[in-house]
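As the structure is a computational prediction, the values presented were derived from the model and not from experiment. Numbers for residues simply follow the sequence, beginning at 1.
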Amino acid sequence: MPVSEQLDLTFAALAHPTRRAILARLARGEATVAELAAPFNMSQPAISKHLKVLETAGLISAGKVGNTRPRRLEARPLREVAAWLENYRQIWESRYEALDKLLEEMQARPHNAHKARPPHQAERQKANTPPTKRKRR
């Protein structure tokens, strides 16, 4: 499955709070459907639909222990999401570093330095010219 398609499935699965809560529960260990449904005020078929979405995204898998099929968390799709987000984290970090540098430069300037106008070139030349060579009006 292409990475972008996997990301679409993963983000779609993560978009619902019930599915995120199920993943949080499975992060503590395997659980049966009845155990996963217990904290929610919804029918077991409704929970099964959420589990199907999570299984399709590859975020959970089902094992077999006797007559039960406990679900477990699968980390691979979450690692792919983390890797995808890492690119953007680096961009944001470089932008924050540039902003920090700009703020430090602004704080290092004397107060109202931004209002001071640099001397005009003619004024600078006049200031560097000895008084005897200045034109008298």
Side-chain angles (χ1 to χ4, degrees):
M1 179 182 311
V3 173
S4 63
E5 188 177 327
Q6 179 61 55
L7 284 174
D8 291 347
L9 289 173
T10 303
F11 280 119
L14 294 174
H16 198 281
T18 301
R19 293 192 285 265
R20 291 192 303 271
I22 290 170
L23 291 177
R25 166 56 188 90
L26 290 174
R28 296 191 318 247
E30 292 184 354
T32 63
V33 174
E35 291 169 334
L36 293 171
F40 302 104
N41 187 18
M42 62 178 68
S43 65
Q44 196 159 332
I47 289 293
S48 293
K49 286 182 181 177
H50 285 299
L51 294 176
K52 182 69 178 168
V53 171
L54 292 169
E55 286 175 355
T56 301
L59 290 164
I60 65 172
S61 62
K64 183 153 178 76
V65 178
N67 291 332
T68 62
R69 298 190 67 215
R71 295 332 195 257
R72 73 176 67 91
L73 181 67
E74 297 293 337
R76 186 186 48 77
L78 294 175
R79 279 195 299 266
E80 290 174 0
V81 167
W84 184 80
L85 289 173
E86 177 61 20
N87 295 328
Y88 294 97
R89 190 195 62 76
Q90 290 174 0
I91 291 169
W92 298 327
E93 188 173 296
S94 68
R95 289 182 180 173
Y96 279 122
E97 287 174 2
L99 180 61
D100 285 344
K101 185 178 176 183
L102 176 65
L103 290 173
E104 287 174 9
E105 289 173 6
M106 291 175 69
Q107 289 175 347
R109 290 183 199 160
H111 189 63
N112 292 334
H114 65 283
K115 293 181 181 176
R117 197 181 92 215
H120 190 269
Q121 184 177 3
E123 293 172 340
R124 281 185 272 150
Q125 287 176 345
K126 184 177 179 181
N128 292 332
T129 305
T132 56
K133 294 184 178 180
R134 287 188 185 167
K135 293 181 182 177
R136 295 185 184 217
R137 293 183 186 183

Should Asn87 and Ile91 be marked as a side chain to side chain contact (heavy atoms under 4.5 Å, CB included) after you check the CA-CA gap, both sets of side-chain angles, and the distance that decides it? CA-CA 7 Å; Asn87 295 328; Ile91 291 169; 5.6 Å; no
Quick one: do Arg109 and Glu105 satisfy salt bridge (Lys or Arg N to Asp or Glu O under 4.0 Å)? Show the steps, please. CA-CA 7 Å; Arg109 290 183 199 160; Glu105 289 173 6; 5.0 Å; no
Evaluate Leu59 against Glu74 for side chain to side chain contact (heavy atoms under 4.5 Å, CB included), listing each step before the verdict. CA-CA 5 Å; Leu59 290 164; Glu74 297 293 337; 5.8 Å; no
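Remark: Lys52 NZ to Ile60 CD1 distance equals 10.0 Å, nearest 0.5 Å. Atom CG in Leu23 sits 13.0 Å away from atom CZ in Arg71 (nearest 0.5 Å). Interatomic distance, CD of Glu97 versus CG of Leu99, reported as 11.0 Å (0.5 Å rounding).
Of all non-hydrogen atoms in Thr56 and Leu9, the two that sit nearest each other are O-CD1, 3.9 Å. Residues Ala62 and Glu55 share a closest heavy-atom pair of CB-OE2, 4.1 Å.
Every residue meeting the ring-ring contact (aromatic ring centres under 6.0 Å, His included) condition with Tyr88, not counting sequence neighbours, appears here in chain and number order: Trp84.
By the 6.0 Å contact criterion, NZ on Lys64 is enclosed, its count of non-hydrogen atoms from other residues, nucleotides or ligands being greater than 12.
The backbone N or O of Leu54 sits nowhere less than 3.5 Å from a side-chain atom of Arg19 that would complete a donor-acceptor pair. Proximity of a side-chain donor or acceptor of Arg69 to a complementary backbone N or O of Asn67 within less than 3.5 Å is not detected. In this structure a side-chain-to-backbone donor-acceptor pair under 3.5 Å is present from Gln6 to Ala57.
Leu85 and Leu7 end up in the same hydrophobic cluster when Ile, Leu, Val, Met, Phe, Trp and Tyr side chains are linked at under 4.5 Å. Note on Val81: it clusters hydrophobically with Trp92, by side-chain heavy-atom contacts below 4.5 Å among ILVMFWY residues.
Ion pairing between Arg89 and Glu86 holds under the 4.0 Å rule for side-chain N and carboxylate O.
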Listed pairs under 3.5 Å, donor-acceptor, residues 26-45 side chains, sequence neighbours left out:
from  : atom 1 : to    : atom 2 : distance (Å)
Glu30 : OE2    : Arg72 : NE     : 3.1
Glu30 : OE2    : Arg72 : NH2    : 3.4
Thr32 : OG1    : Glu35 : N      : 3.2
Thr32 : OG1    : Glu35 : OE1    : 3.4
Glu35 : OE1    : Thr32 : N      : 2.8
Ser43 : OG     : Ala46 : N      : 3.2

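Residue Val53 is found outside any hydrophobic cluster, as its side-chain heavy atoms come under 4.5 Å of no other Ile, Leu, Val, Met, Phe, Trp or Tyr.
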